[in-house]
Amino acid sequence: MTYRAPKGTDDILPPESAVWVEAERAFLDLAERYGYGLVLTPMFESTELFSRGIGEDTEVVEKQMYTFTDKGGRSLTLRPEATASVVRAIIQAGGVIGTFKGSYWGPMFRYERPQKGRRRQFSQAGIEYLGEDAPGADVEVIEFGYRYLEMLGVPDVEVQLNSIGDAADRSDYRGELIAFLESRRGDLSEDAVRRLHENPMRVLDSKADAAAVADAPTPIEHLSKETAEHFAAVRAGLDAASIPYRIAPTLVRGLDYYNRTVWEYVPLGFDAAQSSVGGGGRYDPLFEMLGGKPTAAVGLAMGLDRILLAREETAPTPALDAFVIMVETERRPVATVLVRRLRDQGLRLDMTAGDRSVSAQFKAADRAGAANALVIGEEWDQGRVTARDLATGGQALIAVEEIETWLRR
RNA sequence: GUGGCCGUAGCUCAGCCUGGUAGAGCGCCUGGUUGUGGUCCAGGAGGUCGCGGGUUCGAACCCCGUCGGCCACCCCA
């Protein structure tokens, strides 16, 4: 083995790659139907964009960034997530006029020890609803993610929902939480003690400390009248849209820009430690953090790798509608024309490029994943081909002009 | 960054404890079948045992190191 894909990266080859094509098409189609247009941004950005936007002392920025200096001396970073890029792009383009709904899809990069559902290069798809502070925007985005998982056939998805309030709500709450954690200091993990002052809410989300913080004060109990009303309206909207959810008072998210509504999608049957397949939240502070005008915003990110792991196995669909087989090498010119005509009609066709025995051509058809074989031999001189269903083995002589209809039967 | 398990044929793995001729299943190739794949039968090809060092008459096997994989912690999608 001379070369292999770098640690934590995967090659995805056919036929497995077909599910990625399907997932991407489904996402882009759903986004269009909800009115979200695709936003394409660079895969690397100035390092400062992420350290400012995501937060200096988050795990992602402290330890997980792929940062490098280019030949011009600029510090650049492969994007660990896309929201900061989308917001930067919108600010750069002049800011949001009214509202803006954008989607994205593509690879993200974080330097971590790989495990199930955690890769160094992974794919996220997401949407951002900008310039709308109404709870209806939160509801639409939560619903969008739920529908997407439904479309892809991910079973038993639970929406875990929480509100972490606004900055003003948290300034009082923060002191109370720190006091509580100090009182339990002896029961806390080393990491929790270290984070106690720099980012105390993160301790609520720690598996190691779940028992110690079971009766800790939670952000949802410390909402102002305004943020409590916003959250109640989000819940009412989800009820009206028939989206099931569970309130998760200890759910906090690891990026600094979130406020108010936060949520995650957890497939209950997914056997992996990294069980969240997507998540999102409101992030009203981010525009100002990145130097833009105050702009309300809510968005989500879906982890495609995890979604495809969590999904039920689906039977592979044939990769080709038909494979054309030539009995004599002189039939190649007409076979070539037939293949091109059927491809132009939207069918998936192939044939061997070199002259091979009929037996070898059938084997090639089978390996290519063809549903049918079309044999061109002496029957061609009567305007017919032999059409064989490779799954059942049944075959028939059909007229050339009926091939398309037969293949679409 | 920390820990556990694992690296042997293209793939999945046995062999390692107790050192002595490199194995299985699947896959692949050829033929049975010069107009029929997938199934069946017969035959065949394919391996510096991750890499480096040590111990030994002798190492896939024991020891040390190193690289890689998987899973978990941490963190997050």
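Chain A is the first sequence line, chain B the second, and so forth, proteins listed ahead of strands; every chain is numbered from 1. What you see is a predicted model, and the numbers here were worked out from it, not measured in a lab.
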Scan [X] against the nucleic acid and name what it touches under 4.0 Å (heavy atoms): base, sugar-phosphate only, or nothing.
X: A:A391; answer: base
X: A:S359; answer: sugar-phosphate
X: A:G393; answer: base
X: A:R110; answer: base
X: A:V277; answer: sugar-phosphate
X: A:E81; answer: nothing
X: A:S123; answer: nothing
X: A:E328; answer: nothing

Separation between the [atom1] atoms of [N] and [M], rounded to whole Å:
N: B:C67; M: B:G52; atom1: P; value: 15 Å
N: B:U55; M: B:G65; atom1: C1'; value: 15 Å
N: B:G54; M: B:A9; atom1: P; value: 25 Å
N: B:C73; M: B:G15; atom1: C1'; value: 34 Å
N: B:C6; M: B:A42; atom1: P; value: 38 Å
N: B:G44; M: B:C71; atom1: C1'; value: 40 Å
N: B:C75; M: B:A14; atom1: C1'; value: 38 Å
N: B:C49; M: B:A22; atom1: C1'; value: 8 Å

Tell me whether the count of non-hydrogen atoms from other residues, nucleotides or ligands lying under 6.0 Å of CZ in A:R253 goes above 12.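 Correct, the count exceeds 12.
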Do the rings of A:F144 and A:Y34 sit parallel, tilted or perpendicular, given the 30° and 60° boundaries?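 Taking A:Y34 first and then A:F144, their aromatic rings stand perpendicular (interplane angle over 60°).
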Ring-plane angle category for A:H222 and A:Y173, please: parallel below 30°, perpendicular beyond 60°, tilted otherwise.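 Rings of A:H222 and A:Y173: tilted, 30 to 60°.
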Side chain of [X] - closest among [options]:
X: A:E378; options: B:A77, B:C75, B:G35; answer: B:G35
X: A:K363; options: B:U36, B:A77, B:C29; answer: B:C29
X: A:K7; options: B:U36, B:G69, B:C75; answer: B:G69
X: A:K116; options: B:A77, B:C71, B:G35; answer: B:C71

Both distances under 3.5 Å, Watson-Crick or G-U wobble: report the partner of [N], or none.
N: B:G38; value: none
N: B:A72; value: B:U2
N: B:A14; value: none
N: B:C62; value: B:G54
N: B:G47; value: none
N: B:A22; value: none

Would you say the side chain of [X] and the base of [N] hold a donor-acceptor pair, judged only by whether the two atoms sit under 3.5 Å apart?
X: A:R113; N: B:G69; value: no
X: A:Q395; N: B:U36; value: yes
X: A:R118; N: B:C74; value: yes
X: A:E379; N: B:G35; value: yes
X: A:D366; N: B:G37; value: yes

Looking just at side-chain N and O atoms, do [X] and [Y] make a donor-acceptor pair shorter than 3.5 Å?
X: A:Q121; Y: A:Y66; answer: no
X: A:E264; Y: A:Q160; answer: no
X: A:T329; Y: A:D355; answer: no

Residue closer to the 5' end of RNA chain B, A:L304 versus A:D10 (nearest nucleotide):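 Residue closer to the 5' terminus by nearest nucleotide: A:D10.
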Both A:T392 and A:S275 contact RNA chain B. Which one's nearest nucleotide lies toward the 5' end?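 Upstream on the strand: A:T392.
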In whole Å, what is the span from the [atom1] atom of [X] to the [atom2] atom of [N]?
X: A:E112; N: B:G1; atom1: CD; atom2: C1'; answer: 12 Å
X: A:I325; N: B:G37; atom1: CD1; atom2: C1'; answer: 7 Å
X: A:Y111; N: B:G1; atom1: OH; atom2: C1'; answer: 10 Å
X: A:E264; N: B:C75; atom1: CD; atom2: C1'; answer: 11 Å
X: A:L390; N: B:U39; atom1: CG; atom2: C1'; answer: 14 Å
X: A:L149; N: B:A77; atom1: CG; atom2: P; answer: 15 Å
X: A:Y257; N: B:C76; atom1: OH; atom2: P; answer: 11 Å
X: A:M108; N: B:C75; atom1: CE; atom2: C1'; answer: 18 Å

Would you say [X] places a side-chain N or O within less than 4.0 Å of OP1 or OP2 belonging to [N]?
X: A:R119; N: B:C70; value: yes
X: A:R367; N: B:C28; value: yes
X: A:Q115; N: B:C73; value: yes

Would A:F122 pass as stacked on B:A77, i.e. its ring centre under 5.5 Å from the base's six-membered ring centre and planes under 30° apart?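 So A:F122 counts as stacking on the base.
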Any carboxylate oxygen within less than 4.0 angstrom of a Lys/Arg side-chain nitrogen, looking at A:D29 and A:R33?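 So A:D29 pairs with A:R33 through a salt bridge.
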Looking only at the aromatic ring of each residue, does the gap between the centers of A:Y148 and A:F27 stay below 6.0 angstrom?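 Yes, close enough.
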How many angstroms lie between atom CZ of A:R170 and atom CD1 of A:I164, to the nearest 0.5 angstrom?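 Output value for this atom pair is 4.5 Å.
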